[in-house]
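Written out below as structure tokens is the structure these notes cover.
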Number of protein chains: 2
Amino acid sequence: MDIADRIKADPAHWRLANAIRALSMDAVQAANSGHPGAPMGMADVATVLFRNHLKFDASSPHWFDRDRFVLSAGHASMLIYSALYLTGYEQMTIDQIRNFRQWGAITAGHPEYGHAEGVETTTGPLGQGIATAVGMAIAEEAMRAQFGADLCSHKTWVIAGDGCLMEGISQEAIALAGMQKLGNLIVLWDNNDITIDGRVSLSDKTDQLKRFEASGWRVLSCDGHDPADIDRALTDAASGKDGRPVMVACKTIIGYGAPNKSDSSGVHGSPLGAEEIEAARKALGWTAPAFVIPEDILADWRAIGARGKDARAAWNARVDGAANRDEFARRISGEVSDKLAPTIAALKAQALESKPKVATRRASEMVLEVINPELPETLGGSADLTGSNNTRTKDLGIFSPENRKGRYIHYGIREHGMAAAMNGIWLHGGFRPYGGTFMCFVDYARGAMRLSALMGLPVTYVMTHDSIGLGEDGPTHQPVEHLAICRATPNTLMLRPCDLIETAEAWEIALSNETTPSVMALSRQNLPLLREDAGENRTAKGAYILREASKEPAVILMSSGSEVEIAVAARDLLEAQGIPTRVVSVPSMELFRDQDAAYRKEVLPKGPVRIAIEAAIRQPWDWLLLGERGKEKKAGFIGMTGFGASAPAPALYKEFGITPEATVAEARRLLG
Amino acid sequence: MDIADRIKADPAHWRLANAIRALSMDAVQAANSGHPGAPMGMADVATVLFRNHLKFDASSPHWFDRDRFVLSAGHASMLIYSALYLTGYEQMTIDQIRNFRQWGAITAGHPEYGHAEGVETTTGPLGQGIATAVGMAIAEEAMRAQFGADLCSHKTWVIAGDGCLMEGISQEAIALAGMQKLGNLIVLWDNNDITIDGRVSLSDKTDQLKRFEASGWRVLSCDGHDPADIDRALTDAASGKDGRPVMVACKTIIGYGAPNKSDSSGVHGSPLGAEEIEAARKALGWTAPAFVIPEDILADWRAIGARGKDARAAWNARVDGAANRDEFARRISGEVSDKLAPTIAALKAQALESKPKVATRRASEMVLEVINPELPETLGGSADLTGSNNTRTKDLGIFSPENRKGRYIHYGIREHGMAAAMNGIWLHGGFRPYGGTFMCFVDYARGAMRLSALMGLPVTYVMTHDSIGLGEDGPTHQPVEHLAICRATPNTLMLRPCDLIETAEAWEIALSNETTPSVMALSRQNLPLLREDAGENRTAKGAYILREASKEPAVILMSSGSEVEIAVAARDLLEAQGIPTRVVSVPSMELFRDQDAAYRKEVLPKGPVRIAIEAAIRQPWDWLLLGERGKEKKAGFIGMTGFGASAPAPALYKEFGITPEATVAEARRLLG
């Protein structure tokens, strides 16, 4: 059927859908950059979704029980901006649409969480949206189990493109969702057969329906330009029939409505140009000027935006009447539990008594053992390294289709999918997720970890086996540059505690945080309790004097995590040789950077030789070693200059020269 | 059938297979760490493979036309070490087996390329092996097309576990291999239903056969402990029947032979213990002492190791008789073409004449336009950003099942899979791969990029849109920390050229390299030609004086890539104000670090104010700003402190204060 006949058959649909097309064409053209093809191709599916299925109230973007809508194909951002404007989200004015992709506008090139209300998560890096949506759907199931369907019962809708489905992370997401039977998760695949390079067949011939089915999904198809057929498929998808997540293959034409450029990669990522826009307007029967939506059409869209008002009011009434409404309110607010501080304080006091020599990964487990029973909002997990990451405490049941009250997720060997799901869990609300893997596999999770930082989500990465101390597994499993990677990433808190007390403090910081992800770097090997006080959270200063010199220090040894023990041993040797030596523990460079100049100077005064000790590369230490203004000082580094090796950890520390003796030798050399 | 009956039915097989089991148990026990479960579970499959199918000659590990064997489940390293020892690889002595996982041994915890001959690639980070094998199979097809089946015709065999198949990268690899119809690629899936956390069903219920089929694979199954059934499946798989790659699901029992611990996660990653080893020996009928292989069994294994001698001799004869044998020898040696230097020199000379103002991504294309026709060993590609990465030159046909002579690969939206495939292409031999994506998507490719560095493979990453200069696509697409990430990674050459001449020099360095991957960071936006000379490859120094100060410099401006233009403009402003200012271009910190102290001091003398200008975070610049010994200097940084934003590039440079004017102001402030 050609487009004119389609319009004739259902004008009520097409005037709505074409409003999305018109705004998308106009905004991309005005910005002279952007992606008109996908919004025009998916305008019909989005219209049917918003008009008939999505549970939302444009006047209340943060309504907890709304359906979540995730535009995984983030380059199609004008699709969501159009929908937000048309349905009447207050922030999304026509001026914002006009300023698409301009400095200061909330209409960024790709949807950015925190800019425009209604954007549920940042997308653009492909595959992130679908994997984040899996986390949202997990959180929805878990909240429903804890608070009942009266307070929590909604769907997560995803629009994904071919790029999302080609990225490996999509497989991790699909397999996890299928195994977990996330029946409220619905993926709408924009099956347009086009990528930037050309036809999809240039690089992929996967039968996507079969692939999703293989991972436990129900699959449906529809003509993505036939509103009745779309509605049929979405109705079926939303029925939650057999508990499986649903994928709907929507056969679309990219750039639909642009008569000369549609169905080609040319319409994917470039403005249509004035001439083609003119031709498209003609084909669509769209006569309004650029950026103008005729009043009657806008009114119809605004009515769609108000569709959810009654449902929201009913939900509000149910919440008001709920016995556990205060706890529910606390949970969905993300507020920090007032049980956190005393629980941590008690553990620290106890640690000071018992002085346990444990790996910090075990220390982390000891913290979780006291925290998890007190904080029902924690939702833990690991990418198949539960026993190594020490992430599961006894009180947490296993989250599964049979036990939605379980608070521990076996994410499988899927670091990237886990990280994205953690983002989604936080974004959904109700939980504070943490998840474990080896520090080295930051590499696998990077795409989603960066989005935690960019969006400002306080999720916690429990990264164990954080150095050559991992030992025999060898260089593929030994992080060397990963501390630097995390420290280089904006808005990321790297915490590398040296003992149980610092580990407890690190968790207190992580679980109190509201806008920054934390990366805990934890040791495989046992470490002594080095702290001699358990009052103040000194980790919160980022760096502090752990051992003072016997008199005016000649040497300052700085270190983090498992190497602080080496610094303390080296200090004792140096002091025995009459060299006054201070040890500064540096559990977090970011937090130290945030301290005022006076404190920093107090900890790291001018004058003494400075040596940093860390079983990793030097790069992030230079500013501490050399001073921000480079004042005269002598500086040394005891650490790694290349990859590690396979051998028992003690052999590695010796062979790579990360020892008290090597530190003493370096100090003496620098003292001259 | 229980194990005793199985042994009775085919003793000739079991004595061979149990030799692998015995060595694996003994070595893990001696090391007191490692993974006995997978080698014991896959011993039968491996035995049938080595005995009847794998084309190899243990006396000639580098024979080009050997079948490649990739142990994607790298933790099963004792499987390959056992096979190498048993078949008679010279390096793999019984002492090496005894020293499994010890300092200095070639028997690292996970197989490390370059340690033991016969290890075709480093594995351990899951999924890397299967994705690397795809690159090997691509290279095999391409070499066969260029030199004929007489010189190149072999298979790539992979053993993959559940972990490999859960990792997202596996989907990228599977889909690419299926689309490319890599009929010589055979994956043997160790279908043992166990992961570290327990049963696979805890985290995955994917129907793997259906999933592989969906991506264009032929799928087979076998009983992984029935040698006849294994042989049937492998024979069928190796037939190359219909051109599709083949996946064989081998139903196995993890730790097979250990009567009390098999079929459980307990046998995955821990030594069996003396008692269970004793019980296993009994069950297997294995009576020889630890690390001892009875002579007759060893003799049979050694005969297997010599099976390929005749085939190799015949191949040698064919090579000797081949018309193009010299070029073939050059290609498989990886030797640098002698056409490279003059081609680059000519381009540089021409650039100095025409002074083109082009983006460095376009400059890179101009280099490839002259290089690709001269160097038939280049094999280019992009992860679906061909037009943006400027990676395809006209002379390169598209590599596809229909055109194996094509030298351009549409990798699809699969950065991780592309990077791993590039590793495999180099490891196979015959080609120098390069591949493109946006710099920001280093995040997606990290797992494989780290292995390029760890293995020392001179592949080239063409990373365009390398800063906020990307503009409107916004912070998800703007690298900020990625230059730091690459610079923090050992054995990685980060090249960020500032104009066409530096870009040509960077390519010359990358294509001459033999042991280090190169990451080219290239601009989206146009840049003027700044170099005023085209003789020496000055980029090879890492940093050099691009513009000298009018007299003794008061200020030194250091910069890389697209910001060098800003440094030069700032210098002109400062000089106009009577402040003598030097500009140092820093295309590669790694190469500058390699220069002698005298040269470094000449470029960066003590005294002047130093300012670094780079649209990225400061971390990697500190050592240059502050000096390695922290001698007195005043240092400033003009760059980024957080994520970028969505807006046109000029607006971003202005808003983030990366301008000549801001540089001048900072210089004046530091001069006091």
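Predicted, not measured: the structure shown is a model, and the values here were computed from it. Just so we're on the same page: letters track the sequence lines, and every chain starts at 1. These numbers come from the heavy atoms of this one structure, side chains and all, not from hydrogens, waters or symmetry mates.
- Using a 4.5 Å cut-off between heavy atoms, T489(A) touches chain B through backbone and side chain atoms alike.
- For A453(B), the parts lying under 4.5 angstrom from a heavy atom of chain A are both the backbone and the side chain.
- Of all residues in residues 170-177 of chain B, those placing a non-hydrogen atom less than 4.5 angstrom from a non-hydrogen atom of chain A are Q171(B), E172(B), A175(B).
- The ring-ring contact (aromatic ring centres under 6.0 Å, His included) search around H410(A) returns Y408(A), not counting sequence neighbours.
- If you tally non-hydrogen atom pairs under 4.5 Å between each of M640(B), H110(B), K205(B), R211(B) and chain A, the highest count goes to H110(B).
- The part of A645(A) that comes within reach of chain B is its side chain, from C-beta onward, which places non-hydrogen atoms under 4.5 angstrom from that chain.
- S33(B) touches chain A through its side chain: at least one heavy atom from C-beta onward sits under 4.5 Å away, while N, CA, C and O do not.
- Comparing D207(B), T476(B), L652(B), L209(B) by how many heavy-atom pairs each has under 4.5 Å with chain A, the most go to T476(B).
- Proximity to chain A (any heavy atom under 4.5 Å) is restricted, for F441(B), to the side chain, taken from C-beta onward.
- Interface remark: I617(A) contributes side-chain atoms only to the contact with chain B (heavy atom separation under 4.5 Å).
- Looking at H115(B), there are no atoms closer than 4.5 Å to chain A (heavy atoms on both sides), in backbone or side chain.
- Neither the backbone nor the side chain of C164(B) comes within contact range of chain A, judged by heavy atoms closer than 4.5 Å.
- Contact of R392(A) with chain B is not made at all, since no heavy-atom distance falls under 4.5 Å.
- Contacts of H482(A) classified as ring-ring contact (aromatic ring centres under 6.0 Å, His included), with partners at least two apart in sequence or in another chain: none.
- Taking chain B as the reference chain and counting heavy-atom pairs below 4.5 Å, the highest number among G168(A), P648(A), G127(A) is found for G168(A).
- Here P475(B) is the residue among A108(B), A383(B), P475(B) with the most heavy-atom pairs under 4.5 Å with chain A.
- The choice from R414(B), R450(B), M179(B) that makes the most heavy-atom pairs within less than 4.5 Å of chain A is R450(B).
- Only the side chain of L451(A) comes within contact range of chain B, judged by heavy atoms closer than 4.5 Å.
- Taking Y411(B) as the reference, nothing meets the ring-ring contact (aromatic ring centres under 6.0 Å, His included) condition, with sequence neighbours excluded.
- By number of non-hydrogen pairs under 4.5 angstrom with chain A, the leading residue of M166(B), H75(B), Q208(B), Q619(B) is Q619(B).
- Heavy atoms closer than 4.5 Å to chain B are found in the backbone of P479(A), but not in its side chain.
- With a 4.5 angstrom heavy-atom cutoff, S77(A) does not touch chain B via any of its atoms.
- By number of non-hydrogen pairs under 4.5 angstrom with chain B, the leading residue of H416(A), E655(A), E112(A), Q102(A) is E655(A).
- Residue contact with chain A, scored on non-hydrogen atoms closer than 4.5 Å, is absent for S265(B).
- In terms of non-hydrogen atom pairs under 4.5 Å with chain A, the most contact-rich of I196(B), V480(B), D384(B), V442(B) is D384(B).
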